[in-house]
Amino acid sequence: MLLCIRVIDAEGNTVAIARGEEEVSLVLSREYAQGDMIYLETSEKESHVWLQLDDAMGQSLVLMKKFIAYKIPFGKDKRCLSPKAFSGSRHLLHVRKAKKYELAAYRNLAVNVYDHDQNTFCFPHASTNAGSDGVFGARNAIDGVTVNCCHGEWPYASWGINKNPDAKLKLDFGRSVAIDRVIMYIRADFPHDNWWQEVTVTCSDGDEMKWNLKKTDKGQEFEFETRTVSWLEISNLSVAEEESPFPALSQIEVYGVDVNA
């Protein structure tokens, strides 16, 4: 598998580029500017890779479909990320094709630190109908950060429902996965926050699971018979009868394996 990673500025000029076979590293020795983009291309239609677009954000094992385009965030778009991310004058980008034994391992399949609202090529991907973004956007529920004692900027970013009683969160894996466990961390900045007493989890095969939640800052674990799905959707959020109008989800973890590993 051939890999090509490049940084392009707002005028479309290539600032830095690196190519490799199954693994590639790129060192960028300049500060990022408004309009900069990172592009990752592969010779394969689909490929599982360890993706690191910024050394401060670390790696995620993701499924990429042909290419990835990532716009360097600034201002409010960066508030849900570590202030160290995409900062400074030296950056290490790294991509490596995943090994078969890594894909076969039982793991959290719902983490992608590089997810964003416009993402359509890098999975898992979280989306919502709530109209929330930034520090309350869907991607915050799969960024790997379980800190839930406060709300707002990183590391307290979460998925908020924007007071939408019909809010939903969809988690798209981009392929078939076999799962048997979900762990949910509701945001627990009480009394600022409210919480959900019950949620419905709908699977891509049409089956539904109803789960009762507790008012706690601990991860709430739900086990079930192994099922093969390509996406999950959380809906029918039953809010507790408390004064706060702000229930939120800090993190969701979904455990299982890739079906075709």
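None of these values were measured; they are calculated from a predicted model.
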Do [X] and [Y] make a side-chain contact, defined as non-hydrogen atoms from C-beta onward lying under 4.5 Å apart?
X    : Y    : result
W211 : V201 : yes
V177 : T228 : no
W154 : R79  : no
D143 : Y114 : no
M57  : K84  : no
M64  : E41  : no
I8   : N13  : no
I142 : V111 : no

Could you state the interatomic distance from [atom1] ([X]) to [atom2] ([Y]), rounded to the nearest 0.5 Å?
X    : Y    : atom1 : atom2 : answer
N236 : T202 : CG    : OG1   : 7.0 Å
C4   : L40  : SG    : CG    : 8.0 Å
L28  : R90  : CG    : CZ    : 10.0 Å
S132 : I161 : OG    : CD1   : 9.0 Å
Q197 : E241 : CD    : CD    : 7.0 Å
L2   : S43  : CG    : OG    : 4.5 Å

Sub-3.5 Å donor-acceptor pair from the side chain of [X] to the main-chain atoms of [Y], do we have one?
X    : Y    : answer
T216 : K214 : no
S238 : W196 : no
N108 : A110 : yes
N140 : V145 : no
H91  : G88  : yes
T128 : K168 : yes
D180 : E225 : no
N129 : D166 : yes

Pairs in or reaching into [range]: which pass salt bridge (charged side-chain N to carboxylate O under 4.0 Å, His left out), with residues at least two apart or in two chains?
range            : result
residues 13-33   : R30-D36
residues 181-204 : R181-E221, R181-E223, R187-D193
residues 107-117 : R107-D258
residues 51-68   : E46-K65

Determine, using the 4.5 Å side-chain heavy-atom cutoff (strictly less than), whether [X] and [Y] are members of one ILVMFWY cluster.
X    : Y    : value
V15  : M37  : no
I179 : V199 : yes
M184 : F190 : yes
M209 : L237 : yes
I68  : I38  : yes

Between [X] and [Y], which heavy-atom pair has the shortest distance, and what is it?
X    : Y    : value
P73  : L81  : CG-CD1, 3.6 Å
A138 : L169 : CB-CD1, 3.6 Å
V229 : C203 : CG1-CB, 3.8 Å
S250 : N148 : OG-CB, 3.2 Å
A104 : V257 : O-CG1, 3.5 Å
R139 : C80  : NH1-O, 3.8 Å

Count the heavy atoms belonging to other residues, nucleotides or ligands that lie under 6.0 Å from [atom1] of [X], then report whether that count exceeds 12.
X    : atom1 : value
Y156 : OH    : no
K78  : NZ    : yes
K99  : NZ    : no

Worked check of side chain to side chain contact (heavy atoms under 4.5 Å, CB included) between V49 and V62
CA-CA 6 Å; V49 299; V62 301; 3.9 Å; yes
Let's go through I183 and I252 carefully: what are the C-alpha distance in whole Å and the side-chain angles of both, what is the deciding distance for side chain to side chain contact (heavy atoms under 4.5 Å, CB included) to 0.1 Å, and is it a yes or a no?
CA-CA 6 Å; I183 301 177; I252 181 170; over 6 Å; no
List for me each residue that meets side-chain contact (heavy atoms from CB on, under 4.5 Å) alongside F121, sequence neighbours excluded, and say none if there are none.
F67
In chain order, what residues pass the side-chain contact (heavy atoms from CB on, under 4.5 Å) check against V24, with sequence neighbours excluded?
L3, I5, A18, V95
Measure from NZ or CZ of K218 to the centre of the six-membered ring of Y185 and say whether it is under 6.0 Å with the direction within 45° of the ring axis.
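Geometry flag: not set, cation outside 6.0 Å or 45°.
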Under 6.0 Å from the ring centre and within 45 degrees of the ring axis: does the NZ or CZ of K97 meet both conditions for the six-membered ring of W50?
no
Looking at L171, L109, D172, which hits side chain to side chain contact (heavy atoms under 4.5 Å, CB included) with F123?
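With F123 as partner, side chain to side chain contact (heavy atoms under 4.5 Å, CB included) holds for just one option, D172.
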Side-chain donor-acceptor pair present, W159, Q251, cut-off under 3.5 Å:
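The criterion, which ignores hydrogens and geometry beyond distance, is not satisfied for Q251 and W159.
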Looking at Y39, F86, Y32, which one forms a ring pair (Phe, Tyr, Trp, His ring centres under 6.0 Å) with Y70?
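It is F86; the other options fail the test.
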Thinking salt bridges, do D207 and R227 make one under a 4.0 Å N-O criterion?
yes
Could you walk me through whether K76 and E153 pass salt bridge (charged side-chain N to carboxylate O under 4.0 Å, His left out), step by step?
CA-CA 9 Å; K76 68 179 185 63; E153 296 187 5; over 6 Å; no
Under the side chain to side chain contact (heavy atoms under 4.5 Å, CB included) rule, what do N119 and N112 come out as? Steps first, then yes or no, please.
CA-CA 11 Å; N119 172 30; N112 180 4; 4.2 Å; yes
Going through the checks in order, is the side chain to side chain contact (heavy atoms under 4.5 Å, CB included) test met by Q52 and L93?
CA-CA 6 Å; Q52 177 180 296; L93 296 76; over 6 Å; no
Derivation of the side-chain hydrogen bond (donor to acceptor under 3.5 Å, both in side chains) call for K210 and T200:
CA-CA 5 Å; K210 293 185 183 296; T200 298; 3.2 Å; yes
